[in-house]
Amino acid sequence: MKNIYKNSIKNLNVAKNILCANKIIAVPTETVYGLAGNAYSNAAVKKIFKLKKRPKINPLIIHYDSLKKLNKDAYLNSNFKKLYYKLSPGPITYILKKKKNSKISNFANANLQTIAVRFPKNKTIKSLLKKLNFPLAIPSANISSAVSPTDCNDVVDEFGNKIKFILDGGRSAIGLESTVIKLIGTIKIMRPGLISEKEISKILNKKVTFTKPKKIKKVISPGLLKRHYSPGIPIKLNCKKNDDKAAFIVLGKKYNNNKNIFNLSKKNDLKEAAKNLYKIFRKIKKLKYKRIRVVKIPYSGIGIAINDRLKKASYK
Ligand code: TXA
Ligand code: MG
């Protein structure tokens, strides 16, 4: 594809020039691919919202490559530091208090007094961030409420030639969005991901949990409760069997290779299942199935994040 560019010094410089002109590119991360723009620029951030058709009240995650740069934009509290030194760079996003003199565009954080920040681990995006003197606002590179992309071709499927520059960092190693944790007020996991409640609780030496959306009364993280991550096909969860016409998403070795069967992981490995989930959604959509059924997925480890995405994808 003519808009896909490999990680090279030359291409990173081209990417830098586009971003410095407050234009938008697509970038790899270890979780999912994102649309990236200068987080200090209102113009760039507005372009991201427009491309994604994203509601203005749903804030973006700001991506950094160093604490020194973050220190200009947010207050770094002690719980943040504990988690940061163990888990970053990696698939975790921290919600912190925004500094008054921060240059982050207010559009990026939807006029809240907080910002969500992440240090990605994928080496291509890290090299790019290092070259810039501003952080990047990077939401997942999909039209709002659709399935996140996990490689360059998925980004092309979402945006066609509207995105002229896609930086290729290979297939996303994790395949599900980062864990989002709120570190001001009561500490809470807002979005489950590969980094689990258990791991976080151990580092902070206190119990931190993810409250399933149906139990959340007040919307603290706008955009988290609506239909999301959806392939746009009705999905039925916790099914034991298929009907003849539905695409059947399964897990484990007891299923045959019937054409309607899509196995998340024959080895019953939940990490592999997470990596394959969005790929399988896209495949099923391309094959024009009218319905999806999914077996019950164990509610533990990254299985909690898989269940969260399935539940939101099935929301009518
Ligand atoms: O893995 C990821 O986090 C990917 C990659 C590209 O880094 N990004 C991602 O971004 O998933 P996005 O925009 O698709 O999801 C960001 C989530 C949204 O649910 C948003 O509501 C929440 O983070 N969020 C962002 N800023 C927030 C804030 N200040 N307070 C509460 N929630 C916030
Ligand atoms: Mg998203």
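Just so you know, ligand 1 is whichever comes first in the structure, and atom 1 is the first atom listed for that ligand.
- Remark: ligand 1 atoms within the under-4.0 Å shell around heavy atoms of A116 are 25 (C), 26 (N), 27 (C), 29 (N).
- For N109, the heavy-atom gap to ligand 1 stays at 4.0 angstrom or more.
- Polar contact check, K52 against ligand 1: no nitrogen or oxygen pair lies under 3.5 Å apart.
- Using modelled atom types, one finds no donor on one side chain facing an acceptor on the other under 3.5 Å when comparing S145 with R54.
- Annotation for P91 and E30: closest pair N-OE2, 3.6 Å, computed over non-hydrogen atoms.
- Considering backbone and side-chain N/O atoms, S178 comes within less than 3.5 Å of an N/O atom of ligand 1.
- With a 4.0 Å heavy-atom cut-off, ligand 1 is reached by the side chain of R191 but not by its N, CA, C or O.
- A donor-acceptor pair under 3.5 Å links the side-chain atoms of K47 to the main chain of N22, judged by distance alone.
- When each of S140, S148, S172 is paired with E177, the side-chain hydrogen bond (donor to acceptor under 3.5 Å, both in side chains) condition holds for S148 and for no other.
- Neither the backbone nor the side chain of K97 has any atom closer than 4.0 Å to an atom of ligand 1 (non-hydrogen atoms only).
- Near H63, meaning under 4.0 Å from any of its heavy atoms, are these atoms of ligand 1: 5 (C), 7 (O).
- Remark: aromatic rings of F80 and Y94 are close, center separation under 6.0 Å.
- The residue K182 has no part lying near ligand 1, judged by heavy-atom distances below 4.0 Å.
- Listed by number with element, the atoms of ligand 1 under 4.0 angstrom from any heavy atom of I138 are 6 (C), 8 (N), 10 (O).
- The shell of residues lying under 4.0 angstrom from ligand 1, judged by heavy atoms, includes R54.
- Compare G34, S140, A110 by their heavy atoms: the one nearest to atom 12 (P) of ligand 1 is in S140.
- The contact set between ligand 1 and T114, taken as ligand atoms under 4.0 Å from a residue heavy atom, comprises 28 (C), 29 (N), 30 (N).
- In this structure, M190 has no heavy atom closer than 4.0 Å to ligand 1.
- Of all atoms in ligand 1, numbered sequentially from 1 with element shown, those under 4.0 Å from a heavy atom of N58 are 18 (C), 20 (C), 21 (O).
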Worked check of ring-ring contact (aromatic ring centres under 6.0 Å, His included) between F248 and Y289: CA-CA 10 Å; F248 194 28; Y289 279 89; over 10 Å; no
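- Counting heavy-atom neighbours within 6.0 Å of K69 NZ, excluding the residue itself, gives a total above 12.
- D154 and R282 are joined by a salt bridge, as a carboxylate oxygen and a charged side-chain nitrogen come within less than 4.0 angstrom of each other.
- Residue S148: no N/O/S atom is found under 2.8 Å from the Mg ion (ligand 2).
- Between E177 and ligand 1, no N or O atom pair is found at a separation short of 3.5 Å.
- Both cation-pi conditions hold for R309 and Y229: the charged atom is under 6.0 angstrom from the six-membered ring centre and inside a 45 degree cone around its axis.
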Begin with the C-alpha distance, continue with both residues' side-chain angles, and end with the deciding distance and a verdict on ring-ring contact (aromatic ring centres under 6.0 Å, His included) for F165 and Y5. CA-CA 7 Å; F165 190 99; Y5 296 84; 4.3 Å; yes
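- Cation-pi geometry between K99 and Y75 is met: under 6.0 angstrom from the ring centre, within 45 degrees of the axis.
- By the criterion of a heavy-atom distance under 4.0 Å, the side chain of I95, and not its backbone, is placed next to ligand 1.
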